[in-house]
Novice: 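First the structure, which I've put down as structure tokens, then a few questions once you've had a look.
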Amino acid sequence: MLIQQEMDVQEKLRILADAARFDVACTSSGSDRGGRKDSLGNTCASGICHSFSSDGRCISLLKILFTNQCIHDCRYCINRRSNDVVRTAFTPEEVCRLTMEFYRRNYIEGLFLSSGILHSPDYTMSLLYETLRLLRGKYRFNGYIHVKAIPGADPSLVEQAGFLADRMSVNLELPTAEGLRRLAPGKSRERILGPMRQVQKGIAAQNLSLLENGGGAFVRTGGRETGMADSMNHPGRNLWSGLRKGAGRVFVPAGQSTQMIVGATPESDYQMIRVAEALYQNYDLKRVFYSAFVRVNEDSLLPVLPGGPPLLREHRLYQADWLLRFYGFQAGELLTEDRPNFNVLLDPKCDWALRHLEQFPVEISRADYGTLLRVPGIGVKSARRILAARKSGALDFADLKKLGVVLKRAVYFITCAGRQMYPVRMEENFIAGQLIGEERRKTWEIGHHDNFRQMSLFDDYRISAPVTAEDRSAALAGQL
């Protein structure tokens, strides 16, 4: 498995951009940095304006692997050690030149840089750091950078890269240790969670230090400047070598994210959202991404999924993820061990509401913010607009539509001034049938009308319930 030396940058770009398409953890929101006279580019807190290509790539970022050579033999990965594929690698200078030239032509607004493991984690992480150092220093690039932290790399290398990147991520890949043992024998939960904990503690220590010192740049302890390596043993106590006066950079300002593969191992939806919930609570992650399993290798331990990647299941997990992060739901409310998978025909919020009709209808004029968020068809923005608008007077259904409420879902669960939009039987079967709609009723099995159909591991392949454009838009915008 030798890297091909005689290869031009354009051919390397073709190979390493294609190899990066399976990593979906590439959103760019969360960092705010204005332009500077001596630098090129800026970063907006609202996120880089981007679109997605048909295979899921964020096309406003230069999304590449540094190398597709890898010491690991993960069974689900196209770049596994045992695969006979053309191997190549960029140099730090090549990545810098590509980024700057693409940026100047307005093709991209930032860089997403991941990598296979070349020789060792330390060697690979040092190359990624050198790339970022050149971009920020020599090329004065001030735009958005997302870089992978390599599990098993020296913490000092992760620290140095963290002061140059906007976001870092470490892919969990599979939700359980058993799944990793079977499909990624060279990886372990401990090695993956180690840099996650390091980034978490680093951000927390930095924030605390700035508060304790009134925004000061750094502190000397015993005649030396303290940094993140010390904070790993004493989290929250030490300040940061990267916050020197004039440096102008903080540690991972846009936070960290991770990715889990959906469908490669037999975990249920309940197990996956429980893992995501634990990551949000214990590691302060900004996002957990879900990637539908694509069988790119022939391997007896990989599942054969009729119909292709489980896109509907991935879609439901993203919808549930919004509910966990922004709507105040807990994993145990959405699913249980007895109901371990999401409904094929209804999104998680509608499914929850149908199972809790005793809490509805909600009176729009009196409901608090948390209660409004639990109404299907009312999102975060529309809930806030309702709270502001009702201070000026009573709201009717026409007003709610203007405020962004999706009435065709919300109408079954709300009242305005004590009245429904039209008479609705508060009965699970009736409301479910209306929500599913005529175009999906053909998938309804009459024999299960009293026990709404839940997905088994790969049920979405056998039931024709496609993800509509409206559903996809609602999931991305959080209007559930």
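Any value given below was found using the heavy atoms of this structure, including those in side chains, with hydrogens, waters and symmetry copies removed. This structure is a prediction, so every number in the text was calculated from the model and none was measured. Index from 1, following the sequence.
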Novice: Walk me through it: do Q420 and M426 pass the test side chain to side chain contact (heavy atoms under 4.5 Å, CB included)?
Specialist: CA-CA 11 Å; Q420 294 179 307; M426 295 304 292; 4.0 Å; yes
Novice: Answer yes or no: is there a donor N or O on one side and an acceptor on the other, between the side chain of R339 and the main chain of Y270, under 3.5 Å?
Specialist: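 Here the side-chain-to-backbone pair does not exist.
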Novice: So how far is it from F293 CZ to L305 CG, rounded to the nearest 0.5 Å?
Specialist: 6.0 Å
Novice: Relative to F342, does R316 satisfy both conditions: NZ or CZ under 6.0 angstrom from the six-membered ring centre, and within 45 degrees of the ring's axis?
Specialist: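 Judged by the rule, R316 and F342 form no cation-pi pair.
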Novice: Can you name the closest pair of heavy atoms from L183 and A264 and give their distance?
Specialist: CD1-O, 3.7 Å
Novice: Does D347 offer a backbone N or O that forms a donor-acceptor pair with the side chain of Q319 under 3.5 Å?
Specialist: no
Novice: Yes or no on side chain to side chain contact (heavy atoms under 4.5 Å, CB included) for Y76 and L174, after CA distance, side-chain angles and deciding distance?
Specialist: CA-CA 11 Å; Y76 50 80; L174 300 169; 4.0 Å; yes
Novice: Does a salt bridge link D368 with R390, judged by any charged N lying under 4.0 Å from a carboxylate O?
Specialist: no
Novice: Compare every heavy atom of C74 with every heavy atom of K187, then report the nearest pair and how far apart it is.
Specialist: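 The pair with the smallest heavy-atom distance is CE-SG, 3.5 Å.
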Novice: Verify side chain to side chain contact (heavy atoms under 4.5 Å, CB included) between L323 and W352, making sure each step is shown before the conclusion.
Specialist: CA-CA 11 Å; L323 297 180; W352 175 86; over 6 Å; no
Novice: How many angstroms lie between atom CD1 of I203 and atom NZ of K286, to the nearest 0.5 angstrom?
Specialist: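 I203 CD1 to K286 NZ: 8.0 Å, rounded to 0.5 Å.
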Novice: Check this for me: does any side-chain nitrogen of one of D351 and R355 sit under 4.0 Å from a carboxylate oxygen of the other?
Specialist: yes
Novice: Please name the residue in the list R181, E267, Q271, R189 that meets the side chain to side chain donor-acceptor pair (under 3.5 Å) test with T176.
Specialist: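 Result for side chain to side chain donor-acceptor pair (under 3.5 Å) with T176: E267.
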Novice: So is R409 actually on top of F413's ring, under 6.0 Å and inside 45° of the axis?
Specialist: no
Novice: What's the separation between atom CZ in R197 and atom CD1 in I192, rounded to the nearest 0.5 Å?
Specialist: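 Rounded to the nearest 0.5 Å, the CZ-CD1 separation comes to 14.5 Å.
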Novice: Please report the C-alpha distance between M168 and V158 in whole Å, then the side-chain angles of each, then the deciding distance to 0.1 Å, and finally whether the side chain to side chain contact (heavy atoms under 4.5 Å, CB included) criterion is met.
Specialist: CA-CA 9 Å; M168 299 189 80; V158 176; 4.1 Å; yes
